[in-house]
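Structure, as C-alpha cells:
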There are 4 protein chains.
Amino acid sequence: MGIQERRQREKEARRQSVLDAARTMVLERGFNGTTTKSIAERCELSEATLFHYFRNKDEILLSLLFEGIAYTADLLDRIIAADLPPEERLIRVWKTYDLIIREHPEYVHMFGYLARPQATMNISAEVKSEIAGASGDNFRRLATILKGVVTDGEERIAADLLWGAFIGLRTLRETRQNLGASALPRAREMGRVFEMLAAGLRTGPSEGRE
Amino acid sequence: MGIQERRQREKEARRQSVLDAARTMVLERGFNGTTTKSIAERCELSEATLFHYFRNKDEILLSLLFEGIAYTADLLDRIIAADLPPEERLIRVWKTYDLIIREHPEYVHMFGYLARPQATMNISAEVKSEIAGASGDNFRRLATILKGVVTDGEERIAADLLWGAFIGLRTLRETRQNLGASALPRAREMGRVFEMLAAGLRTGPSEGRE
Amino acid sequence: MGIQERRQREKEARRQSVLDAARTMVLERGFNGTTTKSIAERCELSEATLFHYFRNKDEILLSLLFEGIAYTADLLDRIIAADLPPEERLIRVWKTYDLIIREHPEYVHMFGYLARPQATMNISAEVKSEIAGASGDNFRRLATILKGVVTDGEERIAADLLWGAFIGLRTLRETRQNLGASALPRAREMGRVFEMLAAGLRTGPSEGRE
Amino acid sequence: MGIQERRQREKEARRQSVLDAARTMVLERGFNGTTTKSIAERCELSEATLFHYFRNKDEILLSLLFEGIAYTADLLDRIIAADLPPEERLIRVWKTYDLIIREHPEYVHMFGYLARPQATMNISAEVKSEIAGASGDNFRRLATILKGVVTDGEERIAADLLWGAFIGLRTLRETRQNLGASALPRAREMGRVFEMLAAGLRTGPSEGRE
DNA sequence: AATGAATGAGTATTCATTCAT
DNA sequence: AATGAATGAATACTCATTCAT
C-alpha cells in the first residue's frame, strides 16, 4: 500500500499544480489566451508532461469547472445544514456568492465560456451531461435553500435569477474595467440586487404575464 | 450624383452583407471561432475582399458591437420620447430587451466577449473609450427612463441591475442549451425578474449594507 | 497632329508622374517596400490605372533603372565631349558620380537590387540584355574617358573599379546610417578613394598576380 | 553530463542545419525571397519546427550575419597575430577577403540588405547596436592591420575603402552575372583594386579636398 | 515518469494583377 | 481613360498534440 499510495498522492499533487497554473492563466489571459504552453511554463513542467496527467487541454479546463461546481456545492450544503430561518438564508447565499467570486473567480468566468456555441462542441456527450447534472444539482440545492423564502413553486426560477444576476453583473463589471470605464463598488451592487430580488421574491408575482 | 450615390449605396450594402455574415458566424461559432475565412465563405466573397471593406477583423467585429449599441440607443430613445407613466416604463424596457435579443442576439453575446481580459488588449485606447462612451450613454438613457420608477438616486444602479440580470440570464440559458439541459421558457424568466426587481426597486433599500 | 500629339504628351506626362512617385517610394521604403498601392497613392491615381501605363510593377521599376542609365550616359558623354587633359578627367568622373548620387540616388540603390539572384528572374531575356547593353555602354564610355589616364589596356578594369568602389562605399554608408553608427563624410571618402585609385592607376601593376 | 551534453550538441547541429539551409536560400533567392517555407523545405523540417530553434525569421537571418562577422573577426585577428611587415599585410587582407567570399558569400550579400532603408526597421535598437558594434570592431581590426601601411591617421578611411570596394565589386559582378553579361575574372579584379589602393595608400593625399 | 523534438492544420493579412463599367 | 471591386497565392507565425527516448 505504501509505495503505490504515495505515487497516487504525488500524481494527484502534480495534477493539482497543473490545475492551479491553468486557473491562474484563465484569469490572466482568458480562455483562448490560455495555451498549453503557458500552463506548462507556469507549473514548470514540459508541455508534453501535461498530457500525461490530462488527455486534453479541454480536460484540464473542464476539471477547473468541476472544481468550481464542487466548491459551490459544498458551500450550499453548509447553508442547508445550518438550517437557518428564511430571512437569513438569502443573506447567506449572497455571502456565499461573494466567497465564490473571491476564491474561484475562474469558475464564474468559465460560465461565460460554456455559453458560447462552439465551446461545447468538442466536449463528449457524457461529459456534457455530467456537467449539466452537477450544475443542476447546485441549482436544486439553491432551490432547497429558497424554500420558504419565496412563493411556493417559484424556488427554481428564483435560483436561476439569483445566479443569473450574479454572473451578469460580474460580466458587466469586468467589461467596464476592461474598457477603462468606472463601475459601482461590487458590494453595493450585489447587496442591492439581493434586496431587490428579495422584495420581489417575497411579494410574488401579482399576475401571470404570459 | 446618380452614379456616385448608387455606388456609395452598393458599397454600403456590401459592407452590410459582410456584417450579416459576421453576425451569423459570431452566433454560430462564437467570437474566436469566427475566422475571416468563415465570414468570407458565408458572404460568398474571397477573404481578400473582406479587407477591401474593413481594415481588420476587429473592425468587422467592432462594427457589429456599435450596431448593437446604436440599435439599443434608438429603442431606448423611443421609450423616453413616448413619455409614459412610471408603471408602464419597466414593462417597455423588458419588451425592448426582448426585441434586442431577438433582432441582435450577437450584441448581447459580445458583451460576454468584452468581459474577457485579453479580449480588449488589441483594441486601441480611442476605440475603447468610444465603446465605453456609447455604451455609457445607453446606461444613462436607461437611468433617465427609470426616473420616477425607482427611489431617487438609485437610477444608475437599477440600470446596471436590469442589464446585468438580462445578460446573465441569457448566459445561463445558453449554457443550459449547449449542455442539453432543459431551461425555463425565456418569457417567463424575464417577466419574473422584472417583476421581482420592480418590487425591490419600488421599495428601496431598508438600510445601506456597506 | 494636334489632338493625337497632345494626347501622347499627356500620356507621357502621366507616365512620368508615376515614375516620380515610384522613385520616391524606392528611396523611402526600399525595393520590396515599394508596393503598387504606395505608388498609386503617391501619384494620386488608382492602382488599376498604373497598369494602363505600365504592363507590370517590374516595368515601372525597370523604367527607373533605364532613366538612371540614360542620365549617366548623358553626363559621361559630356565629359567625353569636353575633351579634357588626362589629369582632369578623373576629377570630372568623381564630380559626375557625386551628381548622380544627388539627382538619382535610386539609380545607385537599384544596382544593389539587380545583384540579388531572384531579382532578375522575372525579367525577360530581351529586357535583361537591353539593360546589360545600356549599362555596358556606360562602362565603355567610362573606359574611353580613362584612356590615357590609366595604363593602356587597363581602362575596362579601371572603369569597373571606379564604379564598384562608388556603389560599395555608398552601401557601407547607408548601412552605417541604418544601424545608427557614425560614418565619415561622403566627400572626404569619395575624394580619398579617387586619389588612391588615381595613384594606383597611374603607377600600373608591378606584376601580374594571377 | 553525457546525455545532456550530447543533446546540447545535437541541438546545436540542428540549428546549424537550419542556418545552412537559410544561407543557401539567401544566396539562391535573395533576402526577401528567403521564406520560412523554403528554409524548412531545404533542411527537411516542417516550418513549425523552425520556430522551435529560432524565435523569428529575423533571428535566423541575423544569426547568419553574426556568423559572418565572427568569421571575419577571426580571420582578421589571425593577420594581427601574424605580425607581418607592412608590405605583406595588404596582400593578406586581400586573401582574407577572397576566403570570406568563398566561405561566406551570404555575409557579403547581407551587407547590401542592411543598406536598404526599411530593412532594419524591424530590428530592435539593441540588436542594431550589437551589429554596429561587432561590425565596427572588425573595421577597427582592419585599421590596426593597416597601421604602418597607410599614412598615419588614414587607417580608418582606408579600412572603409577596402571593404567598400570589395562589396561594391562583388555587387557589380553579381549584377553582370544576373544579366548574362560577361565579367572580368574575380582574382584579376580584386588583385588590381588592391594594387591601386595600395599605391594610393602609400602616397597619401596631396591635399585636403574638402 | 518526463521531456525535447516534431508537426498538420490553421490564422489574419498583403500584394500584384484582372475585369467590368 | 480611369477606377472600384475582386481575388489567388503567399507569408510569418501559433497551437494542441504525438512520439521516441
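Below, all heavy atoms of this structure are taken into account, side chains as well, without hydrogens, waters or symmetry copies. First the proteins, then the strands, lettered A, B, ... as listed; each starts at 1.
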Quiz item: Considering only heavy atoms from C-beta outward, does the side chain of C:Arg15 approach that of C:Phe54 to under 4.5 Å?
Solution: yes
Quiz item: Does a side-chain heavy-atom distance below 4.5 Å link D:Val127 with D:Ile131?
Solution: yes
Exercise. Side-chain contact test, heavy atoms from C-beta onward, threshold under 4.5 Å: evaluate it for D:Ile69 versus D:Leu65 and give yes or no.
Key: yes
Self-check item: side-chain hydrogen bond (donor to acceptor under 3.5 Å, both in side chains) involving A:Arg7 - partner list, sequence neighbours excluded
Solution: none
Quiz prompt | All side-chain contact (heavy atoms from CB on, under 4.5 Å) counterparts of C:Lys11, not counting sequence neighbours | solution = C:Tyr53
Self-check item: side-chain contact (heavy atoms from CB on, under 4.5 Å) against A:Lys37, all qualifying residues, sequence neighbours excluded
Solution: A:Thr35, A:Glu41, A:Glu47
Quiz item: Can you tell me which stems DNA chain F forms when a stem means 3 or more consecutive Watson-Crick or G-U pairs under 3.5 Å?
Solution: E:2-21 with F:2-21
Self-check item: Residues in side-chain contact (heavy atoms from CB on, under 4.5 Å) contact with C:Asn32, at least two apart in sequence or another chain
Solution: C:Arg116, D:Asn32, D:Arg116, D:Gln118
Self-check item: Contact check, side chains of B:Phe51 and B:Thr36, non-hydrogen atoms, under 4.5 Å
Solution: yes
Exercise. Return the set of residues passing salt bridge (Lys or Arg N to Asp or Glu O under 4.0 Å) with C:Glu28 (not counting sequence neighbours), or none when no residue passes.
Key: C:Arg42
Quiz item: In chain order, what residues pass the salt bridge (Lys or Arg N to Asp or Glu O under 4.0 Å) check against B:Arg29, with sequence neighbours excluded?
Solution: none
Quiz item: Is C:Arg14 touching bases, backbone alone, or none of the nucleic acid, heavy atoms closer than 4.0 Å?
Solution: sugar-phosphate
Quiz prompt | Partner residues of B:Asn178 under the side-chain contact (heavy atoms from CB on, under 4.5 Å) criterion, sequence neighbours left out | solution = A:Thr120
Using atom types as modelled, flag every donor-acceptor pair under 3.5 Å from a side chain in residues 16-25 of chain A to any protein atom, sequence neighbours excluded.
| residue | atom | partner | partner atom | Å |
| --- | --- | --- | --- | --- |
| A:Gln16 | NE2 | A:Glu67 | OE2 | 2.9 |
| A:Ser17 | OG | A:Arg14 | O | 3.1 |
| A:Asp20 | OD1 | A:Arg23 | NH2 | 2.6 |
| A:Arg23 | NH1 | A:Glu67 | OE1 | 2.8 |
| A:Arg23 | NH1 | A:Glu106 | OE2 | 3.3 |
| A:Thr24 | OG1 | A:Asp20 | O | 2.9 |

Quiz item: Which of residues 45-61 of chain C sit near DNA chain F, with a heavy atom under 4.0 Å from it?
Solution: C:Leu45, C:Ser46, C:Ala48, C:Thr49, C:His52, C:Tyr53
Quiz prompt | Nearest-nucleotide 5' precedence on DNA chain E, D:Glu10 against A:Arg7 | solution = A:Arg7
Quiz item: chain A on DNA chain F: first and last contacting nucleotide, 5' to 3', under 4.0 Å to a heavy atom?
Solution: F:dC15 to F:dC19
Exercise. Give me the residues of residues 15-39 of chain A where at least one heavy atom lies under 4.0 Å from an atom of DNA chain F, by number, or none.
Key: A:Thr34, A:Thr35, A:Thr36
Self-check item: Rounded distance [0.5 Å steps], CZ in A:Phe66 versus OH in A:Tyr107
Solution: 10.0 Å
